[in-house]
Amino acid sequence: MPTWSGSWWLRRLTLLLGCAACTLSPAALKPVVLLPVPDSASVPDLTELLWSDIRRDSVAMAIVRTALTENRDLRIAMLRVEQARQQYRIRTGALLPAIDATSSIAWTEGGSREQTSLSGSVDLVSWEVDLFGRLRSERTQAAEQYLSSEATQRATRLSLITNAATQYYAVLRAESQRQLAERTLAVRLDLLELIRALVRVGQTSELDLRSSEAQVQQARITALTAAREAELARNALDVLVGQPVPRGTPSDSLFWTAALTPRALPRAIPSEMLLRRPDLARAEHDLLAAHADIGSARAAFFPRILLTGSTGSSSGSLQALFGAGTGVWSFVPRVSVPLFRGSQNRANLARTGRCPDHARQL
């Protein structure tokens, strides 16, 4: 019979840990670039072009900064990033052993005897040896979901910057249309008064007067419509920013001076620039998370090895609790082999789309 000493268990445990380095997740292959492309190191980030244009307008820059602080959708995206980060920490903690320190005191009475028992121990509550990579796959999935949520947050941020700047200039355009409509109405009213004076002295006909009145009514309708469109544009900007934007249109805005001109893009932009898009990064991380999910579903078909143990001391009195001869220890390895689970594992694997019988069942 072999002697089950501490070194024997240590050697076996080291062997199990060495075997636990593999996972059952399928390999994720990135597409190969077939055509040579220029080096992207010298190409500027195209996402900064918008900032370089907006910085030339202090009002637009202030509105964008306020939107980045107060926008509700961006706040939700940032909270989801934090939620995914904490989920990753939970999955990482599952790879480590859970150790608790416990103490207890018990009184028992039988007949005329009363006994007191005290104990203190440090327990290895439960530690699963990740022999087939189930926990590692779950940690990888959580990590990729965290990176995906980060990419989503970046995409939301860029979209917010674009929409805030676009809506700001839409407000300026609507305000310009409103002012033009009001000036047109004022001119039509002055012309109407002039025609009325001419009618009174007999210099023009009633037909010209009625035509001028119709033009005034049309100009008034146009002015009311332009005022409504301007107010709707301002309300949309308030919702996008997250708080009311101060009313008032700066006369020196880029919209009025036409200083905002399209920026010429650099030549020979490599195709790798597309990989900097947050939506593509999010899709890539979602794909890697799905691969890790497949590995976790595959590992559920294999045995699970759980280690539990404790060491401490037990005594009938507090003074002798940590004395000689009171030490106790236990070590309980357990192997769990899935035999029948009502097709749960197969259904879980089919959910990932990697079950061989999945296509036939459909």
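On a predicted model such as this, the values are computed, not experimentally measured, just so you know. Hydrogens, waters and symmetry mates play no part in the numbers below; they use all other heavy atoms, side chains included.
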Search all heavy atoms of Val245 against all heavy atoms of Asp238 and return the closest pair with its distance.
-> N-OD1, 2.8 Å
Hey, is CD on Glu82 packed in by over 12 heavy atoms from elsewhere, all under 6.0 Å?
-> yes
Apply side-chain hydrogen bond (donor to acceptor under 3.5 Å, both in side chains) to Gln167 and list each qualifying residue two or more places apart in sequence or on a separate chain.
-> none
Below 4.0 angstrom, N of the basic side chain to O of the carboxylate: do Glu231 and Arg178 qualify?
-> no
Flag, side chain of Ser159 to backbone of Ala155, donor-acceptor distance under 3.5 Å = no
Please list, chain by chain and in numerical order, all residues satisfying side-chain hydrogen bond (donor to acceptor under 3.5 Å, both in side chains) with Glu213, sequence neighbours excluded.
-> Arg210
Kindly say whether Glu144 contributes a backbone atom to a donor-acceptor pair with the side chain of Ser148 at under 3.5 angstrom?
-> no
Ala67 versus Leu160, closest heavy-atom pair with distance = O-CD2, 3.3 Å
Determine whether more than 12 heavy atoms belonging to other residues, nucleotides or ligands lie under 6.0 Å from atom CZ of Arg85.
-> yes
Those residues at least two apart in sequence (or on a different chain) that pass side-chain hydrogen bond (donor to acceptor under 3.5 Å, both in side chains) with Arg154 are none
Please answer whether the main-chain N or O of Leu172 pairs with a side-chain N or O of Ser176 as donor and acceptor at a distance below 3.5 Å.
-> no
side-chain hydrogen bond (donor to acceptor under 3.5 Å, both in side chains) involving Thr204 - partner list, sequence neighbours excluded | Asp208
Does Leu95 sit in a hydrophobic cluster with other residues, and if so which ones, taking ILVMFWY side chains as linked at heavy-atom separations under 4.5 Å, directly or through other members?
-> Leu135
If you link I, L, V, M, F, W and Y whenever their side-chain heavy atoms are under 4.5 Å apart, who else ends up in the same group as Tyr146?
-> Val81, Leu147
Is Arg75 salt-bridged to Glu70, cutoff N-O under 4.0 Å?
-> yes
Decide, yes or no, whether a salt bridge links Glu193 with Arg196 under the criterion of side-chain N to carboxylate O below 4.0 Å.
-> yes
Check for a donor-acceptor pair, side chain of Thr69 on one end and backbone N or O of Arg65 on the other, with a separation under 3.5 Å.
-> yes
